[in-house]
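For the numbers below, each heavy atom of this structure counts, side chains included, while hydrogens, waters and symmetry mates do not.
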Amino acid sequence: MKLVRLGDPGRERPAVIDDRGITRDLSPLTPDIDGAFLAAHGIARTRRALAEGALPVLEAEGLRFGPPVARPGVVVCIGQNYAAHAAESGSEPPTRPIIFLKPPNTVVGPHDDVEIPRGSTRTDWEVELAVVIGRTARYLDSPEQALEHVAGYAVSNDVSERDFQLEHSGGQWSKGKSCATFNPLGPYLVPADEVPDVQDLRLRSFVNGEPRQDSRTADMIFSVAQLVHDLSQYMVLDPGDIINTGTPQGVALSGRFPYLKPGDLMEIEIEGLGRQRQTLRSA
């Protein structure tokens with residue numbers, strides 16, 4: 001099954017796409033798909049309601065996909081978590097995870113327009129695996145324990161403005177990561193136990209139909225389990241929080257491709273988790 005939020009921005013309604021591809025209304029079970037829903041065993045309750053036939057069919061044609069998780073408390077990002085991307089950025093692979101934050105209000109739907117910010121000359125794409133936390137994670141004992149705190153996974157585009165990130169920042173990457181619309185998320189939240197091997201998923205990105213990134217999560221330097229465990233030593237991760245786990249090689253920062261401009265079309269996808277598409281426009 002796939003959890004989704006459908007409707008206009010700020011008015012999304014919770015839904016679930018069942019194993020037959022039928023969209024069903026989740027509002028009899030919860031007002032939204034958020035941290036409170038995930039913390040209250042919402043995924044298990046959804047499965048039970050589906051088995052009992054308790055969720056009515058929802059006519060979803062034409063409805064906008066919103067981000068599949070409402071109001072994340074924090075969006076934690078991991079830098080240079082693929083060795084080839086570190087190399088194209090001119091850096092050695094990190095020996096510990098590089099962490100920066102994006103404001104939660106950067107999160108938008110998977111097909112919403114992305115705004116090129118004022119003064120931007122180097123807006124870039126980044127396909128990433130997003131981890132959605134399902135149970136509070138604090139001082140976890142091991143990476144193996146960490147996966148028990150993951151609710152599921154989604155596709156994330158960690159849109160970046162490289163001048164803001166590298167030239168205007170004084171070393172703080174968040175300036176280039178925090179612009180409005182800079183984190184399309186979704187279309188689906190796929191439960192963790194329905195992803196056979198999160199460390200062997202294909203990630204791809206395209207600009208105007210031309211391929212850019214093509215890699216697998218097997219190439220991560222730090223696995224999902226390692227990241228959740230490591231982060232829990234420094235911060236409290238709450239249900240509904242998002243971790244963007246890093247991007248592979250093939251971004252414009254490499255010098256191999258032009259940066260984005262108004263009218264361009266970004267498309268990104270992860271095997272089993274869905275596909276996004278965004279049109280670029282000026283802010």
Between Thr121 and Asp163, does the side chain to side chain donor-acceptor pair (under 3.5 Å) criterion hold? Intermediate values first, please.
CA-CA 7 Å; Thr121 58; Asp163 269 348; 2.9 Å; yes
Audit row: Glu271, Arg216, salt bridge (charged side-chain N to carboxylate O under 4.0 Å, His left out) steps and yes/no
CA-CA 9 Å; Glu271 180 182 359; Arg216 303 193 75 86; 3.0 Å; yes
Using the rule given for salt bridge (charged side-chain N to carboxylate O under 4.0 Å, His left out), can you reason through Arg64 versus Asp112, listing the C-alpha separation, both sets of side-chain angles and the distance that settles it, and then say yes or no?
CA-CA 9 Å; Arg64 165 187 172 269; Asp112 292 350; 2.8 Å; yes
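In summary, the side chains of Asn157 and Gln276 do not present any donor paired with an acceptor at a separation below 3.5 Å, with no hydrogens or angles considered. For the residue pair Ser120 / Glu161, a side-chain donor-acceptor distance below 3.5 Å is found, with atom types taken as modelled.
When hydrophobic clusters are built by joining Ile, Leu, Val, Met, Phe, Trp and Tyr residues whose side-chain heavy atoms come closer than 4.5 Å, directly or via intermediates, Phe206 is not grouped with Val251. At a threshold of 4.5 Å between side-chain heavy atoms, the hydrophobic network of Ile, Leu, Val, Met, Phe, Trp and Tyr places Val16 and Leu38 in one connected group. No single ILVMFWY cluster, assembled from side-chain heavy atoms under 4.5 Å apart, contains both Trp125 and Val108. If you chain together hydrophobic residues whose side chains sit under 4.5 Å apart, Tyr153 and Ile243 fall into the same group.
Applying the side-chain contact (heavy atoms from CB on, under 4.5 Å) test between Val76 and each of Asn244, Asp241, Ile99, Ile242 identifies Ile99 as the sole match. Partner Met1 forms a side-chain contact (heavy atoms from CB on, under 4.5 Å) with one of Ile43, Ile17, Leu189 and no other, that one being Ile43.
A donor-acceptor pair under 3.5 Å links the side-chain atoms of Gln233 to the main chain of Leu140, judged by distance alone. The backbone N or O of Glu115 lies less than 3.5 Å from a partner atom in the side chain of Thr181, making a donor-acceptor pair. Thr23 contributes no side-chain N or O that, together with a main-chain N or O of Ala60, makes up a donor-acceptor pair within less than 3.5 Å. Between the Arg45 side chain and the Leu29 main chain, a donor and an acceptor come within less than 3.5 Å of each other. The backbone N or O of Thr136 sits less than 3.5 Å from a side-chain atom of His149, completing a donor-acceptor pair. No donor-acceptor pair under 3.5 Å is formed between the side chain of Asp34 and the backbone N or O of Ala70. Thr245 places a side-chain N or O within donor-acceptor distance of the main-chain N or O of Leu129, the cut-off being under 3.5 Å.
For the atom pair CE (Met220) and CD1 (Ile78), the distance works out to 9.5 Å, reported to the nearest 0.5 Å. For the atom pair CZ of Arg47 and CG of Asp18, the computed distance is 12.5 Å after rounding to the nearest 0.5 Å. Note that CG of Leu3 is 5.5 Å distant from CZ of Phe37, once rounded to the nearest 0.5 Å. In this structure, the separation between CD1 on Ile270 and CG on Leu203 is 4.5 Å, given to the nearest 0.5 Å. The CD1 atom of Ile116 sits 7.0 Å away from atom CG of Asp264, with the distance rounded to the nearest 0.5 Å. Note that CG of Asn183 and OG1 of Thr106 are 4.5 Å apart. Values are rounded to the nearest 0.5 Å.
Inter-residue side-chain proximity for Phe222 and Pro94 is flagged as met; some heavy-atom pair is nearer than 4.5 Å.
Annotation: Glu92, atom CD; neighbour count of heavy atoms from other residues, nucleotides and ligands within 6.0 Å does not exceed 12. Residue Arg275 places its CZ atom among more than 12 non-hydrogen atoms of other residues, nucleotides or ligands, all under 6.0 Å distant.
The salt bridge (Lys or Arg N to Asp or Glu O under 4.0 Å) check on Glu126 picks up Arg162, Lys177, with sequence neighbours excluded.
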